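As the structure is a computational prediction, the values presented were derived from the model and not from experiment.
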Amino acid sequence: QVQLAVSGGGLVQSGGSLRLSCTASGSILSINAMGWYRQAPGKQRELVARMSRGGSTNYADFVKGRFTISRDDAKKTVYLQMGSLMPDDTAVYYCNADLILYRDGLVRRDYWGQGTQVTVSS
C-alpha cells in the first residue's frame, strides 16, 4: 500500500531550473528520512540530497549550492529544487523514503519511487 509518487521531471536548457516532488502515501507511522538519488545511463545510482526527520540534510558535492531539498511534513512530500542545471545532471531521478510502518509490529522499510527523467540540453 505504500507508494511514492514522483513528478516534476522534464527537459530543460542548461542553466535552467526544475522542481521535483515526491509524495509518500499509505499506512506510514513516521518518516525517518526522504531523499533523492539519480542514475545516469551506464552509471550507478548516487545520492543527490537527503533530509532526515529532524531536518538535517546532506547533499552530494556536485549539487551543493545549486539544489535545495525541502519537505512538507503534513503532505509527506519532499521536494528537490534544481537550479543552474547542467548537462551532467541528466539522469533518472529517484525518490527514496526510509519509513516506519506498522505490520503486526513496527517495521522499518526502505522504499523507492518510480524514476523521473531529467534531461538538460546544451
Side-chain angles (χ1 to χ4, degrees):
Q1 291 184 346
V2 173
Q3 295 182 349
L4 300 179
V6 180
S7 64
L11 174 64
V12 297
Q13 299 180 50
S14 181
S17 299
L18 212 57
R19 190 176 80 155
L20 307 183
S21 299
C22 175
T23 299
S25 62
S27 57
I28 301 166
L29 294 181
S30 64
I31 300 173
N32 287 334
M34 295 185 71
W36 295 93
Y37 295 72
R38 72 185 188 187
Q39 187 168 22
K43 298 182 179 179
Q44 293 184 342
R45 189 172 299 184
E46 61 185 351
L47 171 72
V48 177
R50 190 170 179 85
M51 178 175 285
S52 70
R53 175 179 3 106
S56 62
T57 59
N58 60 301
Y59 293 92
D61 287 341
F62 55 80
V63 302
K64 287 182 178 178
R66 299 190 297 125
F67 294 4
T68 302
I69 188 170
S70 61
R71 74 173 192 269
D72 185 327
D73 289 339
K75 297 180 179 179
K76 295 185 176 65
T77 298
V78 65
Y79 305 92
L80 184 67
Q81 182 66 49
M82 310 166 67
S84 301
L85 284 163
M86 306 174 182
D88 284 348
D89 295 319
T90 296
V92 177
Y93 284 70
Y94 296 91
C95 177
N96 173 263
D98 180 2
L99 306 176
I100 303 296
L101 315 175
Y102 183 82
R103 295 181 178 179
D104 294 324
L106 298 179
V107 178
R108 181 179 179 179
R109 300 189 73 165
D110 198 54
Y111 287 87
W112 293 92
Q114 293 184 353
T116 184
Q117 178 69 48
V118 172
T119 302
V120 184
S121 64
S122 182

Listed pairs under 3.5 Å, donor-acceptor, residues 115-122 side chains, sequence neighbours left out:
| residue | atom | partner | partner atom | Å |
| --- | --- | --- | --- | --- |
| T116 | OG1 | G9 | N | 3.2 |
| Q117 | NE2 | A91 | O | 3.4 |
| Q117 | NE2 | T119 | OG1 | 3.3 |
| S121 | OG | V12 | O | 3.4 |

Quick note, salt bridge (Lys or Arg N to Asp or Glu O under 4.0 Å) partners involving residues 105-122, not counting sequence neighbours, are D98-R108

For this session: Report whether L20 and L47 are members of the same hydrophobic cluster (ILVMFWY, side-chain heavy atoms less than 4.5 Å apart, transitive linking).
Result: no

* Asked: Do L99 and Y111 have side-chain heavy atoms sitting under 4.5 Å apart?
  -> yes

The reported gap from CG in L80 to CZ in R50 (rounded to nearest 0.5 angstrom) is 13.5 Å

Contacts of K64 meeting side-chain hydrogen bond (donor to acceptor under 3.5 Å, both in side chains) (sequence neighbours excluded), chain-then-number -> D61

Those residues at least two apart in sequence (or on a different chain) that pass side-chain contact (heavy atoms from CB on, under 4.5 Å) with Q3 are S25

Here the pair of heavy atoms bringing M34 nearest to L4 is CE-CD2, 4.4 Å

To the nearest 0.5 Å, atom CE of M82 lies from atom CH2 of W36 at 9.0 Å

In short, disulfide (SG to SG under 2.5 Å) pairs touching residues 3-111 with sequence neighbours left out are C22-C95

Between Q39 and K43, the two heavy atoms sitting closest are NE2-O, 3.0 Å

Residue pairs passing the ring pair (Phe, Tyr, Trp, His ring centres under 6.0 Å) test with at least one member in residues 43-83, sequence neighbours excluded, are none

Residues 80-89 vs side chain to side chain donor-acceptor pair (under 3.5 Å), sequence neighbours excluded, gives R38-D89, R66-D89

Note to self: Is it true that, when you exclude Q114 itself, more than 12 heavy atoms of the residues, nucleotides or ligands shown sit nearer than 6.0 Å to its CD?
What the structure shows: no

By side-chain hydrogen bond (donor to acceptor under 3.5 Å, both in side chains), D73 pairs with (sequence neighbours left out) R71

Sorted by chain and number, sequence neighbours left out, ring pair (Phe, Tyr, Trp, His ring centres under 6.0 Å) with Y37 holds for W112

Applied to residues 19-30, the salt bridge (Lys or Arg N to Asp or Glu O under 4.0 Å) test, sequence neighbours excluded, yields none

Original post:
Can you get from I31 to M51 by hopping between Ile, Leu, Val, Met, Phe, Trp and Tyr side chains that sit under 4.5 Å apart?
Top reply: yes

Connected to L106, directly or through other members, by ILVMFWY side-chain contacts below 4.5 Å are L29, I100, Y102

Heavy-atom closest pair (A24 atom, I28 atom, distance to 0.1 Å) is CB-CD1, 3.7 Å

Fill in: Same apolar cluster: V48 and V92, side chain cutoff 4.5 Å
no

With sequence neighbours left out, the residues meeting side-chain hydrogen bond (donor to acceptor under 3.5 Å, both in side chains) with T90 are none

Between S56 and G54, is there a donor-acceptor pair closer than 3.5 Å when you use the side chain of the first and the backbone of the second?
-> no

